[in-house]
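In the text below, chain A, chain B and the rest are named by the order of the sequence lines, each starting its count at 1.
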Amino acid sequence: MKSSYIPMTRQQQEAMLSTVDVKSLDELFSAIPEELRLQKDLKLPEPLSEHELKKHMNTLAQKNSDTIGNTCFLGAGAYDHIIPSAVKHITSRQEFYTAYTPYQPEISQGVLQSIFEYQTMIAELTGMDAANASLYDGATALYEAALLASRYNGRKEILIARSVNPEYRKVLYSGLRYSGITVKEVDFYKEENSNNKSGTINLEQLQDHISKNTAAIAIQSPNFFGILEDIKAVSHTAKEVGALLIAVCDPISLGVFESPGALGADIAVGEAQPLGNPMNFGGPLLGYFAVKSPFIRRMPGRIVGETIDSQGRRGFVLTLQAREQHIRREKATSNICTNQALCALAAANYLSLMGKEGLKEVATQCINKSVYTYHSLLEASQVSQVFEAPFFREFVVRPKIKPNAINEALLTEKIIGGYDLTAEYPELEGCWLVAVTEKRSKKEIDDFVSKVNSICQGGIIND
Amino acid sequence: MKSSYIPMTRQQQEAMLSTVDVKSLDELFSAIPEELRLQKDLKLPEPLSEHELKKHMNTLAQKNSDTIGNTCFLGAGAYDHIIPSAVKHITSRQEFYTAYTPYQPEISQGVLQSIFEYQTMIAELTGMDAANASLYDGATALYEAALLASRYNGRKEILIARSVNPEYRKVLYSGLRYSGITVKEVDFYKEENSNNKSGTINLEQLQDHISKNTAAIAIQSPNFFGILEDIKAVSHTAKEVGALLIAVCDPISLGVFESPGALGADIAVGEAQPLGNPMNFGGPLLGYFAVKSPFIRRMPGRIVGETIDSQGRRGFVLTLQAREQHIRREKATSNICTNQALCALAAANYLSLMGKEGLKEVATQCINKSVYTYHSLLEASQVSQVFEAPFFREFVVRPKIKPNAINEALLTEKIIGGYDLTAEYPELEGCWLVAVTEKRSKKEIDDFVSKVNSICQGGIIND
Amino acid sequence: MIRDEKLIFEKSVEGRIGYSLPANDVPEVDLEVVYPGDMLRKTAPQLPEVSEVDVIRHYTNLSKRNYGVDSGFYPLGSCTMKYNPKINEDIASMEGLAQMHPLQNPQTAQGNLEILYNMDKYLSEILGMERVTLQPAAGAQGEMTGLMIIKAYHMHRLDSKRVKIIVPDSSHGTNPASAALAGFEVVHIPSDERGCVDINALEDILDDTVAGLMLTNPNTLGLFEEDILKISRMVHDCGGLLYYDGANMNAIMGIARPGDMGFDIAHVNLHKTFSTPHGGGGPGSGPIGVVKELVPFLPVPVIEKVDDYYTLDYDRPLSIGKVKSFYGNFGVILRAYSYIRTMGSQGLKAASQTAVLNANYIRKRLEDLYDIPHNRICMHEFVLSAQRQAKNGVTALDIAKNLLDKGIHPPTIYFPLIVQEAMMIEPTETESPETLDNFIEIMRDLAIKAQENPESLKNAPKETYVSRLDEVKAARTPVLRWKK
Amino acid sequence: MIRDEKLIFEKSVEGRIGYSLPANDVPEVDLEVVYPGDMLRKTAPQLPEVSEVDVIRHYTNLSKRNYGVDSGFYPLGSCTMKYNPKINEDIASMEGLAQMHPLQNPQTAQGNLEILYNMDKYLSEILGMERVTLQPAAGAQGEMTGLMIIKAYHMHRLDSKRVKIIVPDSSHGTNPASAALAGFEVVHIPSDERGCVDINALEDILDDTVAGLMLTNPNTLGLFEEDILKISRMVHDCGGLLYYDGANMNAIMGIARPGDMGFDIAHVNLHKTFSTPHGGGGPGSGPIGVVKELVPFLPVPVIEKVDDYYTLDYDRPLSIGKVKSFYGNFGVILRAYSYIRTMGSQGLKAASQTAVLNANYIRKRLEDLYDIPHNRICMHEFVLSAQRQAKNGVTALDIAKNLLDKGIHPPTIYFPLIVQEAMMIEPTETESPETLDNFIEIMRDLAIKAQENPESLKNAPKETYVSRLDEVKAARTPVLRWKK
Ligand SMILES: Cc1ncc(COP(=O)(O)O)c(C=O)c1O
Ligand SMILES: Cc1ncc(COP(=O)(O)O)c(C=O)c1O
């Protein structure tokens, strides 16, 4: 079988077989017990040529409704931000994308320096002392943070705000299930509570739960409802019992909001997909992980450090490897090996392009546009308020009809509606989480609002 | 006004103005007479951001019906061939596409060597001794060839087969209009001629027209009707009176057909778009130009030659520049300066990927598929035969209803039909030129044929 | 090479911008009013202020200091650095597939779900497993997922005494690390003199506290575990499960299947075997397949097909839950999907056959000048030892650095840990005989120089952007971020 | 730098393939039967037989031996090597715009026709012209088209004695070459001591045999022709037309317009002024605009808009016909369209202002060490002379080659022909002050070395893939193709 990916010709194959001193390709596999050797072809579809593959994939794409042809008001952990064109042009340089992990630093200065720059940017955004080279996603980053905390202070309980992204909590539960570390959820202030319907972590309940056994408190800000938590207050609570504070923060929001580092968090983690990475149907994403200095040598994953070469010139290497699986094996801080380097490069490119002003502008537009949407929706009285605290990019409302019914109706108008909170938060049944990024124009928003209004008016009442 | 494309900041601007010793930007333009300086903004649309531009272009694209969503049976000078994905990956390397013409060879070996390889491939395909680095398109290449011929032998008449692409003939007429060179057309054998309806150049008429004043005969093979000309016979006729033979040949067809060089052509030109370049709504295209040795120093355009560097290593430079406008000015062989280097690179990539076997395979599939289409159409008796000689990739039939009517009906079926010959060839009124490349699957062809049949059966008779 | 020593931060000029955003077209919010107290940032993050051309040039120049598969030979053992076909990149960039939100209504994502569903089917067939989850983002996460399934399986059977996972001493570091994270005690077993699992040692360890065995097969020495059927019987007999680390699947696609060998769980690295590029360190994708009995424990969601409609099934009571957000690294999966669809079963088999032939060819042609601890027919890679050269002071590291000067990426060095001065060479099938010959000549030449003039090899690399870097300094006084 | 000296042909191995085509799925034709006689090829063309990875590596490696705008500073005078924004590349690759057949029914190409129509409008406004044709593929073809229009115009007026085109001695070679091709006699006029058209000389030449004057303004010395209004009056008064070579439009976008200056025809190089990349030598695009009187002579088709529907108008009896297939280099036009739409009128003006400031800044900072023949405020470029250095044996060529070693693309040298040892420096607006300063320091340093140690500058370049190449040998014994 001739393949454009396999350069060896039949003639060359024969010459090589004879150098190797075997008679046939089969003989190369004689170490495999006879009964294991497949006697027939794998049951896979017939091979396609490039052109046929493209047509095939086009057919599949036509079964999707993408976020180009449809206007996206869905967030809930993955965000439809503007990505400057230059990003993809950089990450498409073969020298970046076809390289392996930079084990040989002398021919990997490109990746190494870009990660060093990425680490710096993440540290800057989060107000932390150091960041690693990336983790799989925000959810696994939270899991790694919890592990770090528990190992650091030897305590076995994690308190987590229920307002943290449910996907993150699920990954945390699974990951810690057999670790001996338990997780407790702390509720958020909601409607029943007449004094406080802020949607932020219930501080009284937190006080009730916290103890000398608490390894860390994990909160998210802006939380899953888009609402800003009082990181400082929670950090005080944590400090009182010697627990660490893990803050899950959206990196775009850090263009305007105080950094978790400045507010007392010990570890900041989160999802950096919004920084120049497409949503990709949920992957690859980009987990960031940043810490204050005491925790640097306990970080999971790759870390790049600055050093000098034999001629005294600045250069970069993978460092603090004694933490890692290939050296420490079962005692490693984490098992992570392959991470998300190319996504980190995209984030570094994005942050370089946006720069100080641009990131602030993006964050501000997200605020302006989400606030505008929120008020426009409320004004028409087809949705009602659920929480009271200020939010970022995303907010919760309760529409007069069921969110899923609205979403279905919006789809026919080429709009991808918000996230129905009912399944993950039965206590918020019928509530709808709507995300509005800088990518949405006023026209798109007005259109969305008016369609929501008319759908609600014509629809089945949400009880 | 801040722009991401202009790095100078306001502060830097002031510093620089003071270095230059002017008070304002305006002062820099004081050499421009006051009355010429625009007092108001140009009337252009408001600037769009990247994201807005993308949306705008998407809206425009939606007003098109492209050859991805529609199946293309249209040729007539631009062809819908398969382009291997690797081509674009190579031409997207910034080092290639953001470079200027390689005036500084030491930092331009990439472009120079790729052109040298391209020149070699074109010479190989056409059976010529040398090729230039490219011209704008096939049509202007033909014009340049006619000029070369007339200057070479000092004669002032060009004979051109009427079966040459009408666009090429038009460009030739315009170009030569004020040159003192006249052009005469030679008819093709067609239906009225009961002995010969081959669709090839009328050799008797050629004999009538040719004379000692004939600078060159220009023919195309496969000609505009897809039909192969007898290059050898025409070359004999040319040689008899000392005229040159210019052959316009499709490069894909040269994967199976004898090269014009071997058949006696002195100059081979044509359109190399089919070699790895998309149709791009007609531009950029890629004119190739190849000659036998006596004409090398008379070629138009850039030429790359091999040489050695000061250490004796092989290297490449632009050469034979004494022909060119920047040295010879009004006596140059041509005025061409910027050409189509990146398209030539794509052609070199394409031919490297296809290689000896692949090009033959493409050409053979074009034959198989066009012959299959032709016979399938004839079989159903809704179209009739027009010419009798063998064709390549493209053929003429006369459908029962008007080609334009068929085309309109096919469009609603997402098929881009053939070329209506009526306007350019009144003598072929109601005839339809259909192109079938290797890209068309049997299914697409069968579908096309059955739709054509049913359209013809239901449609208005083509009289 | 032009030296541009500056970091992007050092190129920053106040007031310069590199972005282009739509103008704000809605009423502006007064941030101070909406976000009172400590909420707003007091000092802006020190991001660079640069223009688009600055960014493009900066990173383009950085790219030139990096080596990828498209640059040349990359025989990095265990990493399967095969050529990444370009069409796969195009497919992964198709807007209609990539520009999708993961939480869209499944009815609007039937194309993507079909791809995931079929990918499960294809990989199940290739691995000989019942079903596959595509959720793990890399091999290590696949391992962790698999180990959690092993745990869940035993727990479900109320067999809580199974606390040990056995790994060979030649295993990759992620194996014991993953086992520990899943709450297991790790037991190492030695390799025998043939480089395979020491059956007697295994025998001694196996008891009812063993939850399972993790094995790479071919193992990290590039050798097929010939006793695999015996091993799997032994482990099964004592109630344990077998985990297959599929990093080395490139040796046996279409030739043998982990499922048939008796493995209960198997991961595969799409970023190795299935030609998806490694991105300079990721993203990868590490799907795992499981036998029928273990299907209930797979992470949620599982993609199901009901009457040609694809759904996400979250209602799986025995599931271990979620190991990652959403459904895995879809962008990577797309590339692997394209690869499988263009190769077909014969193509995959040819890839493995050629990969194995290439490795053996290099082995044969170096065996006279280098020590090869287990010198017999190998699979897709083999490990040689530079011990002979080290006696003259030329270590595996020196050889690696000399290869850099020849434009070749060095093999993996100092792994597996059980071979002294190890160099693990994996050519893959996408390298031509000429490339192999060039590498062989250089390696032979280095062996001769190591004999005749060892000093001449100590200062490499000389042709690279930087010379040998001080890794000790980096670790002792870590500088992990730029500061003004 | 790794040396790979082979041509792609020299990497060929019989039987190797790099393509993937659908299998033939229709009946096979017997070629021998269908194409009798001499039709079929006797020997296959010697194309390389290589795999995809061979091709990718070969050309990727070649790319590394090339210098583009994204590599660094490129002050190649007259060529306007500004940065090419990446979004424009994305737009040009959009399938819905690019994957279109030129002869499709206009009703199926309304998007593309709208783009062409609007581009005509935008460029007309920028040039101050009535209408624009986008057909010419480059500047030189624009010139030729313009000159044919001049000819057609005079002929239409039955004024057949106008056989002369005047061009300044500083003009670009394409100007006289195009004039000759259009059937004119070329008359050169000298520049005066200020570097502008010598008005007296012009006076002497002008008579009723003059068909027109071609002028670049700012001219190739980077100087604005201050007497342009006088010149245009003079030429018009004697019945001639004025042609504007727009290669230098980057100096005056939004500041002054050729139409207002009295030009009748003007071309613009989209691959210069409008930021479309130059592709290592093309494709370019050289639209021309004309005043109202000349509109009837434009090439066919002209795109017209009737009730929001765009059509191709071929029915134009006075048209000069066609100069190129179809409608011009659409792919290039798309990039320029994107550029104009993202810059807007203020952006274009800022670009010109900054380009001019940058040029003057360099001029000011080099004027003490280099001769600058016409040292006054320049437009977007200026010409210095290395005559002072040449006295020490360091020519403009030597300086250029030394710049290569510093990672900078040299300015245009030995053009315009009227300046000895000319170096034509055009920084463009996309270069930062830091980049300019770096260039200035290097140029100053070279001037000092040329004074103090001229020999040290004679062997450059040393850092490039090849050293100075023997151009004489190349021209004397031309080797224009590879042979086995
Ligand atoms: C044998 C082996 N197992 C596991 C892994 C871990 O895979 P990943 O890097 O995808 O997490 C590797 C990767 O190098 C490996 O070689
Ligand atoms: C002043 C001037 N005129 C005309 C041209 C010719 O333009 P093109 O190369 O696009 O044919 C150039 C190009 O270098 C030029 O600089």
Novice: Considering only heavy atoms, which portion of B/Ile82 lies under 4.5 Å from any heavy atom of chain D: side chain, backbone, both, or neither?
Specialist: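 Only the side chain of B/Ile82 comes within 4.5 Å of chain D.
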Novice: Which region of B/Ser174, side chain (C-beta onward) or backbone (N, CA, C, O), has a non-hydrogen atom less than 4.5 Å from a non-hydrogen atom of chain D, or is it both or neither?
Specialist: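 Its backbone and side chain both get close to chain D.
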Novice: Side chain to side chain donor-acceptor pair (under 3.5 Å) for D/Thr342 and B/Glu50? Distances and angles first, verdict last.
Specialist: CA-CA 7 Å; D/Thr342 49; B/Glu50 269 196 29; over 6 Å; no
Novice: Side chain from CB out, backbone as N, CA, C, O: work out which of these in B/Arg93 comes under 4.5 Å of a heavy atom of chain D, or both, or neither.
Specialist: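 Only the side chain of B/Arg93 comes within 4.5 Å of chain D.
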Novice: To the nearest 0.5 Å, tell me how far B/Met121 CE sits from D/Phe9 CZ.
Specialist: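 Between atom CE of B/Met121 and atom CZ of D/Phe9 there are 4.0 Å.
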Novice: Do D/Asp260 and B/Glu35 have side-chain heavy atoms sitting under 4.5 Å apart?
Specialist: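 Heavy-atom side-chain distance check fails, nothing below 4.5 Å.
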Novice: Could you go step by step and tell me if D/Glu471 and B/Thr319 meet the side-chain contact (heavy atoms from CB on, under 4.5 Å) rule?
Specialist: CA-CA 7 Å; D/Glu471 308 206 7; B/Thr319 193; over 6 Å; no
Novice: Which atoms of B/Glu46 come close to chain D, meaning under 4.5 Å heavy atom to heavy atom: side chain ones, backbone ones, both, or neither?
Specialist: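 Contact with chain D involves the backbone of B/Glu46 alone.
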Novice: Using only heavy-atom distances, determine whether the side chains of D/Ser12 and B/Lys356 contain a donor-acceptor pair under 3.5 Å.
Specialist: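 Short answer, no.
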Novice: For side chain to side chain donor-acceptor pair (under 3.5 Å), just list the numbers for B/Gln12 and D/Tyr361, CA-CA rounded to whole Å, side-chain angles, deciding distance to a tenth of an Å, and then say yes or no.
Specialist: CA-CA 11 Å; B/Gln12 291 179 318; D/Tyr361 179 75; over 6 Å; no
Novice: Working to the nearest 0.5 angstrom, can you tell me the gap between D/Leu357 CG and B/Met8 CE?
Specialist: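 One gets 4.0 Å once the value is rounded to the nearest 0.5 Å.
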Novice: Any side-chain heavy atom of B/Thr19 sitting closer than 4.5 Å to one from D/Arg365?
Specialist: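 In short, these two side chains touch, coming nearer than 4.5 Å.
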Novice: Tell me, side chain or backbone of B/Phe281 under 4.5 Å from chain D's heavy atoms, or both, or neither?
Specialist: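 B/Phe281 touches chain D through backbone and side-chain heavy atoms alike.
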Novice: Side-chain contact, heavy-atom cut-off 4.5 Å: B/Thr101 with D/His278?
Specialist: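 SC-SC contact between B/Thr101 and D/His278 confirmed.
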Novice: Apply ring pair (Phe, Tyr, Trp, His ring centres under 6.0 Å) to B/Tyr419 and list each qualifying residue two or more places apart in sequence or on a separate chain.
Specialist: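 Residues passing ring pair (Phe, Tyr, Trp, His ring centres under 6.0 Å) with B/Tyr419: B/Phe224.
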Novice: Between the side chains of B/Ser65 and D/Thr108, is a donor N or O closer than 3.5 angstrom to an acceptor N or O?
Specialist: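 There is no such pair between these side chains.
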